[in-house]
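None of the values given here were measured: they were computed from a predicted structure. All ligand and atom numbering here is 1-based and tracks the order in the structure.
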Amino acid sequence: MPQDAHSDQSRSSSSQANPSWSRDELILALDLYLRHRKSLPSKHHAEVKDLSQFLGKMGLAFGVGSSASFRNPNGVAMKLGNFRRWDPAFTKDGKTGLWKGNQDEGVVWNEFASSPEKLAAVVRGIRSVVDMDDQLDHPLQGADEPEIHEAVEGKVLTRLHRVRERSRKLVERKKKQALAKHGKLACEACEFDFQKQYGKAGTGIIDVHHVRPLHSLQPGEKTHLDDLALLCANCHRIVHATRHWLSLEELKATLEAAKKHV
Ligand SMILES: [Zn+2]
Ligand SMILES: [Zn+2]
């Protein structure tokens with residue numbers, strides 16, 4: 001890697017044209033890093049150029065990074081170098097890595113470097129959502145929802161999750177199924193029933209939450225009613241309140257544990 005690469009990075013990190021790397025971008029970069037761990041590719045490598053191009057496309061889909069220097073091949077090659085200091089295979093001989101970077105790479109490293117299958121699935125998911133942005137009616141556009149914490153798997157799959165669970169058609173089918181089966185719409189975690197609590201005003205009110213792990217979501221794949229759970233607004237909010245989205249089991253366990261402490 002060229003020596004001047006480092007100074008380029010310190011200049012660009014504060015510039016508007018090159019905002020700090022998002023979690024999705026770091027996940028894609030980590031994937032490339034791990035495939036070339038022994039000898040990192042330069043900015044001229046085809047895969048580095050491909051990732052640079054893809055990140056440009058993803059930036060446009062999110063409405064950021066329209067400048068020509070946004071995630072250019074040089075920036076991508078440098079980012080790969082930032083993973084060096086988190087890589088035990090590289091640091092075990094006492095080498096600390098020439099490349100600084102920041103804590104973000106370490107966080108993504110710890111979450112994904114030892115789970116290659118999960119990483120590959122997340123990468124596939126991110127790539128296909130971005131590639132299908134047009135067909136999917138631009139799930140990546142629009143404002144962030146403050147009550148929904150971006151998941152471990154990044155913003156792209158977070159958005160796909162929300163698109164899925166808000167699909168009007170699916171929501172209606174799910175509610176119809178529950179009404180036919182149980183005669184009411186109750187939260188699957190805390191059993192809250194809007195109609196029981198609020199009378200007529202609560203009729204038909206319940207959130208629908210997609211329960212499948214995010215990395216297993218692929219666009220184009222059909223959502224089954226079994227992939228959806230009915231949750232009251234409070235429980236749904238708790239599920240998405242932190243980066244680690246709670247599973248239904250974890251949510252129920254949280255409720256149980258809280259009850260014991262009252
Ligand atoms: Zn609930
Ligand atoms: Zn949800």
Side-chain angles (χ1 to χ4, degrees), residues 22-24 27 62 111 118 121-122 125-126 128-129 132 136-179 181-262:
S22 70
R23 171 167 286 257
D24 301 72
I27 288 171
F62 276 122
E111 282 161 358
K118 185 176 173 188
V122 172
I126 293 173
S128 44
V129 177
M132 288 174 74
L136 295 171
D137 215 15
H138 304 289
L140 305 184
Q141 281 176 11
D144 284 333
E145 303 171 284
E147 69 279 14
I148 307 287
H149 201 298
E150 184 189 300
V152 173
E153 292 86 346
K155 197 166 174 171
V156 169
L157 293 182
T158 295
R159 291 277 174 97
L160 181 64
H161 170 94
R162 293 293 288 156
V163 166
R164 292 251 162 123
E165 65 186 18
R166 283 183 312 196
S167 151
R168 199 172 296 176
K169 234 162 93 187
L170 275 171
V171 166
E172 288 314 314
R173 277 177 53 208
K174 182 70 186 176
K175 287 183 184 176
K176 226 171 149 180
Q177 185 200 48
L179 278 172
K181 213 166 156 185
H182 310 293
K184 60 178 182 177
L185 298 176
C187 175
E188 290 181 35
C190 76
E191 292 168 21
F192 188 88
D193 178 340
F194 282 82
Q195 191 168 16
K196 199 170 154 197
Q197 189 76 13
Y198 298 102
K200 208 172 163 217
T203 305
I205 294 182
I206 193 88
D207 276 14
V208 169
H209 169 63
H210 197 294
V211 294
R212 289 253 310 275
L214 275 195
H215 63 270
S216 71
L217 292 188
Q218 301 294 329
E221 195 192 339
K222 252 188 147 183
T223 304
H224 299 283
L225 291 187
D226 290 349
D227 297 337
L228 303 170
L230 298 181
L231 291 181
C232 72
N234 285 350
C235 285
H236 199 187
R237 183 148 185 187
I238 294 296
V239 163
H240 293 300
T242 57
R243 192 179 296 290
H244 171 74
W245 290 2
L246 300 183
S247 68
L248 220 49
E249 290 67 36
E250 287 170 320
L251 176 63
K252 285 179 191 165
T254 304
L255 277 165
E256 283 307 313
K259 264 187 217 159
K260 280 181 200 147
H261 283 98
V262 177

Derivation of the side chain to side chain contact (heavy atoms under 4.5 Å, CB included) call for Arg173 and Leu225:
CA-CA 8 Å; Arg173 277 177 53 208; Leu225 291 187; 4.0 Å; yes

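When NE2 of His240 and NE2 of His161 are joined through the Zn ion (ligand 2), the resulting angle is 90° to the nearest 10°. Between His236 atom NE2 and His209 atom ND1, the angle centred on the Zn ion (ligand 2) amounts to 100° (nearest 10°). Atoms SG of Cys190 and SG of Cys232, as seen from the Zn ion (ligand 1), are separated by an angle of 110°, to the nearest 10°. Take the Zn ion (ligand 1) as the corner point: the lines to SG of Cys235 and to SG of Cys187 open at 110°, to the nearest 10 degrees.
Salt bridge annotation for Glu256-Lys259: present, with a cationic side-chain nitrogen under 4.0 angstrom from a carboxylate oxygen. Ionic pairing of Asp207 and Arg237 is not present here: no N-O contact between side-chain nitrogen and carboxylate oxygen is shorter than 4.0 angstrom.
Side-chain contact check for His244 and Glu250: at least one donor-acceptor pair (N or O, by modelled atom type) lies under 3.5 Å.
By the 4.5 Å heavy-atom criterion applied to side chains, Leu214 and Trp245 are counted as neighbours.
Distances from the Zn ion (ligand 2) show that Glu165 has an N/O/S atom below 2.8 Å.
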